[in-house]
Amino acid sequence: MSRLSNVLNSLGTQPGYTLMRGVARFDTVRSVVAGTRGMLQRSRQRQLLAQCEQHRAESCFADLDRAAFVRQLRDEGIAYGLKLPPDVVAEIRAWADQQVCFADREPNLGFRLADRGAAEAELGKPILLAQYFNAATDCPAIARLVADPVLQWVAARYLCSVPTFVGANLWWTFPVQAMAADRARHAHVYHRDVDDFRFFKFFFYLTDVAAGEGAHVCVVATHHEPPRLKAGDPWNIRRYTDEEIATAYSPQRVHEICGDAGTGFAENTLCVHKGSTPRHEPRLLLQLQFALFDYGAMHDRRAPQTLARLV
Ligand SMILES: O=C(O)CCC(=O)C(=O)O
Ligand SMILES: [Fe+2]
């Protein structure tokens, strides 16, 4: 009953997004919609690819084997091999150090990184996650990455369409004894995202992420092979326990993605995946999401007058 009222509620507030989530869980629907849009946009997509090619030398990733990267993303649901230049990492880190981030992604729970202890005291609980708002508009290094010709090329090829940038997300996960409700709320539990008929995300670590330190975990090639543990699983959107995932897939398919600051990868997060809670070191992650359609559900834009400080 509460699930039904949730759906009705979101139909009222985000009708396009809610309807898409209702139907995009079916493979055939995803293929038909993505294929049709691809056909309609073929010439614009070609133009964009040619422009990206012309500007390739200006990219942070000019040496990437782009075709192999897209192939890997298609086949495995995840592709590795991006590396941000150190000056870009430093620029984003410096921006993040100065700006206010928001506990639990709540616009009224702002604090500066240096005041995390005071923010936790004020909130009365450990802060597992804090996100920045307006990152793509306010941080020039992030704005440049969104327009990067190699990232755009990958997005256009992977989506087989003119890509729509649907949102940046820049957030910290902190090494805390997090409440179970916060771990679930912040995706530290296995799940699959149904964010559009075709979509994917670039991920960039802005801190070093060693094993056990908040790595992103992906079960490779599950975008075409969801767990089938309960009736309805092929189309149900639900959370999975670690035990369920261990039963459903061989351990080799579970990738705990570690890397130095700057490490980047792309993932179709229709694959089973989760975040993990760091043990000692905070993790700063930038995510850039590209899709076919923008439902306004993913972006981090907030009017400055709606933002408030906790401390
Ligand atoms: O924090 C993470 O690594 C996981 C985040 C997540 O679930 C997502 O970006 O879709
Ligand atoms: Fe996710």
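Whatever order the structure lists ligands and atoms in, that order sets their numbers, starting from 1. Since we're looking at a predicted model, the values are computed, not measured. Residues take their numbers from the sequence shown, with the count starting at 1.
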*Who are the residue neighbours of ligand 1 when the rule is a heavy atom under 4.0 Å from any of its atoms?*
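Within the 4.0 Å shell of ligand 1, which is judged on heavy atoms, sit W171, A187, H191, D193, K201, F203, H216, H273, K274, G275, R283, Q287.
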*Looking at the Fe ion (ligand 2), which N/O/S atom of H191 is the nearest one?*
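It is NE2, the N, O or S atom of H191 closest to the Fe ion (ligand 2).
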_Tell me if the centroids of the rings in F200 and F202 come within less than 6.0 Å of each other._
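Yes, close enough.
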*Can we call the ring centroids of F133 and F102 under 6.0 Å apart?*
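Aromatic pair counts; centres sit under 6.0 Å.
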_Need one value: angle at the Fe ion (ligand 2), D193 atom OD1 versus H273 atom NE2, rounded to 10 degrees._
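Rounding to the nearest 10 degrees gives 100°.
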*Check each of Q131, H299, Q289 against N169 using the side-chain hydrogen bond (donor to acceptor under 3.5 Å, both in side chains) test, and report the only one that passes.*
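Of the listed residues Q131, H299, Q289, the side-chain hydrogen bond (donor to acceptor under 3.5 Å, both in side chains) partner of N169 is Q131.
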_Regarding Y132 and W95, do their side chains bring together a donor and an acceptor under 3.5 Å, going by distance alone?_
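Short answer, no.
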*asked:* Under a 3.5 Å threshold, yes or no: a donor from one side chain and an acceptor from the other, between D196 and Y295?
replied: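 A donor-acceptor contact under 3.5 Å links the two side chains.
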_Sequence neighbours excluded, every pair satisfying ring-ring contact (aromatic ring centres under 6.0 Å, His included) that has a member inside residues 212-233_ =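 Qualifying pairs: F203-H216, H216-F265, H216-H273.
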*Sub-4.5 Å side-chain heavy-atom contact between R25 and I237*: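 The answer is yes, as the side chains (C-beta and beyond) meet within the 4.5 Å cut-off.
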